[in-house]
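The structure appears right after this line, and notes come after that.
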Amino acid sequence: MDQPSEEHAEQGILKTVEAAGDVTVERALIGVVNGRDVSITQAGAGPVAAQGDVRIQQGGCGPVLVGGDLRIHQGGCGPAMVRGNLSIQQGGTQSVLAAGNATVGQGAFVGLVASPKVTVEEGARVMIGTPGAFAAGAAVGALVGMVARRRRRRSR
């Protein structure tokens, strides 16, 4: 296993990059990325898991699980779970669950955001904010419960 102090820089097309240290992806297409701090620049990746921070600059990725902060500038990602803060400038994401603050900057878009504090700057769009996210989750849960109950009754 690699030492945590090592940094891995990847280019080209790869299936998986896993490292105990930092991972830098530049001008590459990666299937899965797993590392301490992950930086994606002018590149694309599938699912990303990082113990530390993730920075996406002019790139994109699939679902993201971040142990630190997530910063997106002119890029995007799929659903994100962030233990720290979220900052998006001129980019977007599908949905975010952030334990820290979420800042959606100018030219940014988020479908659904749940965070203790959400800041939406001028020129940014959030489809569903924190109160709406929890309400939507409760409504979907109630709907799933009703459908499951009805199926149980029919199967008896």
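In what follows, residues are counted from 1 in the order of the sequence shown. Excluded from the calculations below are hydrogen atoms, water molecules and symmetry mates; all remaining heavy atoms, backbone and side chain alike, are included.
- Grouping the Ile, Leu, Val, Met, Phe, Trp and Tyr side chains by contacts below 4.5 angstrom, directly or via other members, places V32 apart from V48.
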Could you list the donor-acceptor pairs under 3.5 angstrom formed by side chains in residues 91-104, with sequence neighbours left out?
unit_1	atom_1	unit_2	atom_2	d
T93	OG1	C77	O	3.2
T93	OG1	G78	O	2.8

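- Here the shortest heavy-atom pairing between G111 and M127 reads O-CB, 3.0 Å.
- Of all heavy-atom pairs between Q51 and G35, the closest is OE1-O, 2.5 Å.
- Taking OG1 of T41 as the reference point, atom CZ of R27 lies at 8.5 Å (rounded to 0.5 Å).
- Heavy atoms only, all atoms of each residue included: A124 and G105 are closest at CB-O, 3.1 Å.
- Closest approach of V38 to A50, counting heavy atoms only: CG2-CB, 3.8 Å.
- Taking both residues in full, the closest heavy atoms of L112 and V110 are given as O-CG1, 3.3 Å, listed atom of the first, atom of the second, then distance.
- C61 approaches G46 most closely through the heavy-atom pair CB-O, 3.6 Å.
- How far OG1 of T24 is from CD1 of I40: 10.0 Å, rounded to the nearest 0.5 Å.
- Residue pairs that meet the side-chain hydrogen bond (donor to acceptor under 3.5 Å, both in side chains) test with at least one member in residues 52-80, sequence neighbours left out, are S39-R55, Q42-Q58, Q57-H73, Q58-Q74, Q74-Q90.
- Under the side-chain contact (heavy atoms from CB on, under 4.5 Å) rule, L70 has a single partner from L65, I88, V54, which is V54.
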